[in-house]
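What follows is a single structure, written as structure tokens, with notes after it.
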Amino acid sequence: MAVSTKTRNLAFKQLGAYIRQNEMRPSRVREAVLEQICQLQQPFTAEQLVQGCETQQISVATVYNTLNLLVLAQILCATSRQRGKASTEYEIVVGKSARVQVICTKCGRVTDIRDRLVEQIVKERKYSNFVMRHYSLFIYGECKVCRSHKRKEK
Ligand SMILES: [Zn+2]
């Protein structure tokens, strides 16, 4: 499912601000990649994005460069997943100030969780010479399903 119009607009707004702040030239190709990302099911892999951009004749190098830029601009968040093999998945996080996820290292299942205590603690943290804008917290372990499989094997 594509992201909401509200999230899409926020992402484009943030990209525009990042381009201005860093005195870069606006690029139609970059915007086309972001548009494609907004159409993808979240989270997505770089390979899925490359496939989606094929019809628009956007080069693989441009897709990867844009992915990196969107991570730096805090529009996307990259997460390492282990589904058999290690891979990186991306997700639009613009507009979200907090993200806590539990990730199963056996099957790769990712679940967004709401942990108000953690959110409260992080919100009140102050770091010298640093202003926190948002954060992601990934908690790795084993999900209930994988744990029950393990018990049956014993
Ligand atoms: Zn699992």
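Counting starts at 1 for both ligands and their atoms, in listed order.
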Mark yes or no: Arg8 above the aromatic ring of Phe12, with NZ or CZ under 6.0 Å from the six-membered ring centre and no more than 45 degrees from the axis. yes

Can Lys106 and Glu142 be counted as an ion pair, charged N to O under 4.0 angstrom? yes

Tell me whether the count of non-hydrogen atoms from other residues, nucleotides or ligands lying under 6.0 Å of CD in Gln57 goes above 12. no

Where do Glu47 and Gln51 land on the side-chain hydrogen bond (donor to acceptor under 3.5 Å, both in side chains) test, with the steps shown first? CA-CA 6 Å; Glu47 291 75 27; Gln51 272 173 16; over 6 Å; no

Given side-chain hydrogen bond (donor to acceptor under 3.5 Å, both in side chains), test Gln74 with Gln14 step by step and report yes or no. CA-CA 8 Å; Gln74 300 173 354; Gln14 188 142 326; 4.6 Å; no

Leaving waters out, which protein N, O or S atoms fall under 2.8 Å from the Zn ion (ligand 1)? Cys104 SG, Cys107 SG, Cys143 SG, Cys146 SG

Tyr64 side chain near Val50 side chain, heavy-atom distance below 4.5 Å: yes

